[in-house]
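Worksheet: one structure, shown below.
Scope of the values below: all heavy atoms of this structure, side chains included, with no hydrogens, waters or symmetry mates. Start at 1 with the first residue, then count along the sequence.
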Amino acid sequence: MGTWVLINEIWYNGEKIGKIKRLMIDKEGGTIAYAVMSFGGLFGLGDNYYQIPWSLLKYNQSLDAYESDIPDEQLAKTFLPD
């Protein structure tokens, strides 16, 4: 089950890499399973979407954004094709 969210930025190694577009909810547990993140593209065109396990995102209050240290190899496995 998906839900719309306020757009939050995601940072990696001190650099903004994308935005959270949606949160996916585990229906049985009622908890957030993963976030759908977009990055790349320009003005929403050509964006790539990735599903990031919620447990791998940490909120950084000073940035008012989420941070992750997901290695590129693991991120590539989460790609959501059109």
Rounded at 0.5 Å granularity, tell me how far [atom1] in [X] sits from [atom2] in [Y].
X	Y	atom1	atom2	result
I52	L57	CD1	CG	6.5 Å
W54	D26	CH2	CG	14.5 Å
L63	K16	CG	NZ	12.0 Å

List the atom pairs, with distances to 0.1 Å, where a side-chain N or O of residues 31-40 and a protein N or O form a donor-acceptor pair under 3.5 Å, not counting sequence neighbours.
none

Quiz item: After noting the C-alpha distance and the side-chain angles of D47 and K19, does the key distance pass the side-chain contact (heavy atoms from CB on, under 4.5 Å) rule?
Solution: CA-CA 10 Å; D47 284 354; K19 294 181 179 181; over 6 Å; no
Quiz item: Mind checking what makes side chain to side chain donor-acceptor pair (under 3.5 Å) contact with S62, not counting sequence neighbours?
Solution: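 Result, side chain to side chain donor-acceptor pair (under 3.5 Å) vs S62: N60.
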